[in-house]
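One structure is given below, encoded as structure tokens.
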Amino acid sequence: MDGLLTPRESAEFIAENSRDVFIDGGGVRRVAELLLAKAAGPELRVGAWKALHELNPKAADEAAVNWVFVTDTLNFSFWSESDEHRCLVGYGGKTYSGYWSLCAAVNRALDEGIPITSASYYATVTLDEVRHILRSDTDVPMPLIEERHRILNETGKILLEKFEGSFLNCVRKSDKSAQKLLHLVVESFPSYRDVTQFEGKRISFYKRAQILVADTWSVLEGKGDGCFKDISRITMFADYRLPQVLVYLGALKYSDELLEKLLKGEVLSYGNRQEVEIRGCSLWCVELIRDCLLELTEKKDEKTSGEINSILLDYFLWDYARDHREDMKGIPFHRTRCIYY
Ligand SMILES: Nc1nc2c(c(CN[C@H]3C=C[C@H](O)[C@@H]3O)cn2[C@@H]2O[C@H](COP(=O)(O)O)[C@@H](O)[C@H]2O)c(=O)[nH]1
């Protein structure tokens with residue numbers, strides 16, 4: 001698309017022109033030092049995607065790739081008005097919330113013999129069937145059920161028409177380039193077009209398309225069809241959890257006016273100036289943390305378990321946010337209801 005900035009270009013431009021969100025250099029360094037201590041550990045490596053998350057597929061086959069595709073097609077907007085009243089899904093003796101409630105519901109459906117990862121099924125699945133598949137154990141349903149149904153039908157039909165019903169065929173058309181796969185996804189599937197404007201420029205975040213590429217790389221363990229030569233050009237994924245954890249860790253700061261708005265739980269619409277600043281500055285902040293971490297590892301000649309990229313930093317910080325939910329209670333996340341993140 002002409003004149004459309006890449007996510008990294010968008011983030012740098014937003015950070016340079018942001019009025020209500022700021023990157024704190026000292027905080028960036030402190031987070032890089034926190035990550036340095038983990039550089040040689042089990043988290044900052046592609047294998048962590050399977051090793052640390054029991055709901056993720058263990059296989060690296062076509063079915064696993066199609067599990068990733070349908071899950072990332074629905075990977076958006078799990079936040080509820082109140083944390084006490086939210087969608088929960090019980091699976092394998094555990095109760096899951098947020099993004100993990102989606103994964104638990106997908107696995108529960110497969111166990112019930114519902115072929116939810118097959119495009120030939122979800123291209124024509126009905127709204128009632130989707131309500132059943134994504135049903136909550138509480139009286140709070142998963143948000144945006146109607147949109148999830150519409151997106152499943154739309155995406156399933158396109159996957160059948162263009163890629164013989166399997167996302168692995170889409171991956172195989174990308175010449176093992178993460179960037180080519182990213183663009184093939186956003187050109188083919190409308191619900192992945194996470195683009196908006198800021199200060200008169202057309203900007204992109206492509207959050208779900210980037211995490212789809214990242215999760216495809218992870219489920220294929222960075223090997224074979226998943227051996228993307230340019231995987232390090234994928235940036236962090238601009239969702240509503242990373243900003244929260246970056247503020248908690250002191251790498252990102254909000255103006256008093258914006259913080260007050262978020263503490264009141266005010267909804268920010270998709271593409272709103274402050275919402276764009278939160279997403280753009282978070283993305284740029286993680287890029288700066290990665291640069292600082294790479295500098296520290298070189299200086300300290302620290303062993304790392306393979307190349308550290310923004311995907312692995314993002315995964316680590318997102319998991320960190322999950323594990324520190326209680327500690328982060330005082331830090332608001334921004335509320336935007338949309339299908340893009
Ligand atoms: N930046 C970033 N955003 C991520 C993820 C993931 C899931 N990926 C994990 C799963 C397997 C891999 O091992 C990854 O660790 C979901 N989200 C977003 O968060 C929000 C849900 O949050 P909560 O309400 O707390 O569940 C929602 O916008 C969702 O789209 C990530 O990794 N990074």
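By convention here, the first residue in the shown sequence is residue 1. Counting starts at 1 for both ligands and their atoms, following the listed order.
With Trp49, Tyr340, Phe76, Tyr240 as candidates, the residue nearest to atom 27 (C) of ligand 1 on a non-hydrogen basis is Tyr240. Among Asp215, Asp239, Asn56, the residue whose heavy atom sits closest to atom 18 (C) of ligand 1 is Asp239.
In Trp79, neither the side chain nor the backbone holds a heavy atom less than 4.0 Å from any atom of ligand 1. At a heavy-atom distance under 4.0 Å, only side-chain atoms of Asp319, from C-beta outward, approach ligand 1. Only side-chain heavy atoms of Arg325 come within less than 4.0 Å of ligand 1; its backbone N, CA, C and O stay farther off. Looking at Leu52 against ligand 1, nothing comes within 4.0 Å, counting heavy atoms. Contact annotation for Arg208 and ligand 1: no heavy atom of the residue comes within less than 4.0 Å of the ligand. Residue-level proximity to ligand 1 for Asn75 is carried by backbone and side chain together, each with a heavy atom below 4.0 angstrom. Heavy atoms of Met236 found under 4.0 angstrom from ligand 1: none, in either backbone or side chain.
For the pair Asn309 (side chain) and Ile234 (backbone), a donor-acceptor distance under 3.5 Å is absent.
Inter-residue side-chain proximity for Lys207 and Arg279 is flagged as met; some heavy-atom pair is nearer than 4.5 Å. Counting heavy atoms from C-beta outward, Asp239 and Pro243 have side chains that approach closer than 4.5 Å. Residues Glu275 and Tyr270 form a side-chain contact, since some pair of their non-hydrogen atoms from C-beta on lies under 4.5 Å apart.
Shortest non-hydrogen contact noted between Phe76 and Cys338 is CD1-O, 3.5 Å. The heavy-atom pair separating Arg290 from Ser310 by the smallest distance is NH1-OG, 3.2 Å.
From the protein, the heavy atom lying nearest to atom 14 (C) of ligand 1 is Tyr315 CD2, 3.5 Å. Residue, atom and distance of the protein heavy atom nearest to atom 13 (O) of ligand 1 are His53 CD2, 3.0 Å. With hydrogens left out, the protein atom closest to atom 33 (N) of ligand 1 is Asp314 OD1, 2.6 Å, a heavy atom. Of the protein's heavy atoms, Arg241 CG, 3.4 Å lies nearest to atom 22 (O) of ligand 1. For atom 17 (N) of ligand 1, the closest heavy atom belonging to the protein is Trp318 NE1, 3.4 Å.
Distances below 4.0 Å separate heavy atoms of Trp100 from the following atoms of ligand 1: 10 (C), 11 (C). Residue Leu242 has at least one heavy-atom neighbour below 4.0 Å for each of these atoms of ligand 1: 1 (N). Of all the atoms in ligand 1, the ones that sit under 4.0 Å from a non-hydrogen atom of Phe237 are 1 (N), 2 (C), 33 (N). Atoms of ligand 1 lying under 4.0 Å from any heavy atom of Tyr341, numbered from 1 in the order shown and given with element: 28 (O). With ligand atoms numbered from 1 in the order given, ligand 1 contributes 23 (P), 25 (O), 26 (O) to contacts under 4.0 Å with heavy atoms of Arg322.
Partner Lys253 forms a side chain to side chain contact (heavy atoms under 4.5 Å, CB included) with one of Asp24, Val21, Leu246 and no other, that one being Asp24.
Taking the six-membered ring where tryptophan is involved, the planes of Tyr341 and Tyr240 are tilted, since the angle between them lies from 30° to 60°. Using cut-offs of 30° and 60° for the angle between ring planes, the Tyr99 and Trp318 rings count as perpendicular. Tyr248 and His324 have tilted rings, their planes meeting at an angle from 30° to 60° on a 0 to 90° scale.
In this structure, Glu154 pairs ionically with Arg150, as a charged nitrogen and a carboxylate oxygen lie closer than 4.0 Å. Between Arg208 and Asp72 there is no salt bridge, since none of the side-chain N atoms of the basic residue sits less than 4.0 Å from a carboxylate O of the acidic one.
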